[in-house]
Novice: 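My questions will all concern the structure given below.
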Amino acid sequence: MRSPHPEQWRQRNQQKKAAGRRLLTLTASNRHTLTAHWLDPQDGSVHAESLSHAGTFPSLTPVLPEVAWDEREIHDLFGDVPEDHPDLRPLVRTPRWPQAFHPLARSQTSPPNWHDVEPDNPAKLVAGEGITVMKVGPTHAGVIESGHFVFSLIGENVLHLDLHLFQNHRGIEALLEQRPVAAVAPLVTRICAADTVSHQTNWALAIEAMAGYQSAEELRWRRVILLEAERVLSHLNDLAQIPAGVGFQVAQQRALAMKETWQRGLKALFGHRLLFDTVGPGWAQKPSIDGIFILIDNLRQAFKPWRALVQSHHGFMDRMHAVGVVRQASAERLGAEGVAARAAGTSFDARTTMPLYQGLSIVPVVQRGGDVQARFLVRLDELEASLRIIEESATRLRRSPTADPPWVLPHDLTGHVVTYTESPHGLNVHDVEIQAGRTARYHVRPATYRNWPLLAHAVAGNAVADFPLINKSFELCYSCTDR
Amino acid sequence: MSHTRKSLQIRHVDAGSCNGCEQELTALTSRAYDLQRYGLDLVASPRHADALLVTGPVTDTMAAALSKVWDAVPNPKILIALGDCARGCGVFQAAYASHGGVKGAQLQIPGCPPEPGPILAALKTLLTSEASPRAIRPRGTTTRA
């Protein structure tokens, strides 16, 4: 593709957004190129815009605020400068990183000589009389992932939340570079335990697309079952955590018990309680179909009375109402994904355009409230829909011929593919470039990447004591965001 | 010298985990495992803890925070490495911002992630452990004033 003039870069991407397309990735390479991949939600087609530059490029953030973090990350990891970016503070790097250390500018896997200083980056604070600053983390009082939050408060209300994530940054994208294709899957599986099947499927689909591999019908149904089993697991977890956030212990404990039942079922059916290492290029774990139906029956028996309990509890439902509100216009401006977007009225679910789900009836679950309650209700309905999709897929799997041709990965594979799946947390995208059987570039745009800034937006104006509840209603991943 | 404890309070710190170890550790608080009935519990402050349980390969950004939490746990104290990343044998050991797990843990719980049953069984061994708790510093961290 011919590179546009830098001024056209903004204009063309702005036009894509205005036309209703959704940004899959903004990927940088160490050859001073940028590529934006846009998904057409109507027909599932993917359109690319590319830019070659000489180390600086016009920032898209002033016209597309959803890429503010993408461009900060590119600045940190490649050293390329987005000109006119409104907030170019470090996002991933810390004061401990040597000045010239840009790990993706040249495949860097060995650690640099870290500066012996604290890792804290400058925080954006609100100044003025009566304003207090509250810092939380990076370690937390509960068993959760690490992240640092800086609140500016007036009285009990949040004026601004400044997010300092990437505490768990390991350097996974650099570690994935120059890796033989056969050695990629164990890493991709472990990018994030909550969205692991989605990550594994993206990798498998990328390699299969490059190799021109036509997967058998049977394989397709196995993957749909695994993706939906992961959604059920993740939604059960989040549905347990939201009542925990307001001290509704009965609801939490009963939901955790359902989650445990489901995980034991997954272990029996697929060999792993969190579904690690269950999908790869040319294959997916084969479950016992009878076992699937038994597990679903067991879950439904517990879920139906549990749902009645929580929805008939007026105190609980009221507690979630009008808290942490996201308006649809904000959600779309900031590129919200998944449950957070659908709970704010956006009718987008990537399963409607994924070839894997063709022939299945996928209706996006939409709520209008944009609050904690809306996000809770979306998950309730999505969980029940996932059980129906699993049943239908299992029925079709039973009817499919057991033609699962053994497939040997080509050694000399070369190609560049962008793949996506609707993970439990939203649209999860992988941009994979392979050269002669080794990864040249592997960019992961996880589902929660755009929802973090949205969370900060949703918290502003709320009582700070509601932060845990609002946070749990988003239930965002740190691990795949930080990578 | 052998000693028996009646309880063990544990503080958890994620130092670069994929959230798998966290999910399985959280399962211990559910009624299927109910770790509190054994005198084990996960506590909110290192000041209340007898043991520090670490997950993840110890990222560079988390190393200082981890060291501060360890220093805040009163002596004598126990270091626990939960999962292969913290044990120094996970898949992300070689990443540039990984410090390669914690060194010198008195209790190592293998797995990716370890399942709740084995985690609980391993933690229970600390209640009747032959070894006395001792002070150990997580690897890759330095003493800070």
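In the text below, chain A, chain B and the rest are named by the order of the sequence lines, each starting its count at 1.
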Novice: Look only at the side chain of Thr278(A) and the backbone of Gln285(A), and say whether a donor-acceptor pair between them is shorter than 3.5 Å.
Specialist: no
Novice: Select one option (side chain, backbone, both, neither) describing which atoms of Ser146(A) are under 4.5 Å from chain B's heavy atoms.
Specialist: both
Novice: Between Arg87(B) and Asp84(B), is the closest basic N to carboxylate O distance under 4.0 Å?
Specialist: yes
Novice: So if I take each residue of residues 475-483 of chain A and look for any heavy atom under 4.5 Å from a heavy atom in chain B, which residues do I end up with?
Specialist: Ser479(A)
Novice: For Cys112(B), which atoms come within 4.5 Å of any heavy atom of chain A: side chain, backbone, both, or neither?
Specialist: both
Novice: To check you understand the geometry: which heavy-atom pair defines the closest contact between Lys77(B) and Trp70(B), and what is its length?
Specialist: NZ-O, 2.7 Å
Novice: For Ile144(A), is it the side chain, the backbone, both, or neither that has a heavy atom closer than 4.5 Å to a heavy atom of chain B?
Specialist: backbone
Novice: Report which part of Arg93(A) has an atom under 4.5 Å of a heavy atom belonging to chain B: side chain, backbone, both, or neither.
Specialist: neither
Novice: Just by distance, do the side chain of Asp14(B) and the backbone of Gly16(B) share a donor-acceptor pair under 3.5 Å?
Specialist: yes
Novice: For residues 135-144 of chain A, pull every pair meeting side-chain hydrogen bond (donor to acceptor under 3.5 Å, both in side chains), keeping only residues two or more places apart or in separate chains.
Specialist: Thr139(A)-Arg11(B)
Novice: Any side-chain heavy-atom pair from Leu187(A) and Leu176(A) closer than 4.5 angstrom?
Specialist: yes
Novice: Any ion pair linking Asp195(A) and Arg231(A) (charged N to carboxylate O, less than 4.0 Å)?
Specialist: no
Novice: Using non-hydrogen atoms and a 4.5 Å limit, figure out which bit of Pro46(B) sits close to chain A: side chain, backbone, both or neither.
Specialist: neither
Novice: Sort Gln252(A) into side chain, backbone, both or neither according to what part of it lies under 4.5 angstrom from a heavy atom of chain B.
Specialist: neither
Novice: Could you go through the salt bridge (charged side-chain N to carboxylate O under 4.0 Å, His left out) check for Arg96(A) and Asp60(B) one step at a time?
Specialist: CA-CA 8 Å; Arg96(A) 294 175 50 76; Asp60(B) 182 70; 2.8 Å; yes
Novice: Do Glu173(A) and Arg441(A) meet the salt-bridge criterion of a basic N to acidic O distance under 4.0 Å?
Specialist: yes
Novice: Check whether Leu274(A) gets within reach of chain B through its side chain, its backbone, both or neither, counting any heavy atom under 4.5 Å.
Specialist: side chain
Novice: Heavy-atom distance under 4.5 Å to chain A: side chain of Ser17(B), backbone, both or neither?
Specialist: backbone
Novice: Measuring heavy-atom distances to chain B, does Glu260(A) have an atom under 4.5 Å in its side chain, in its backbone, in both, or in neither?
Specialist: side chain
Novice: Are Glu118(A) and Lys68(B) ion-paired here, with the side-chain N under 4.0 Å from a carboxylate O?
Specialist: yes
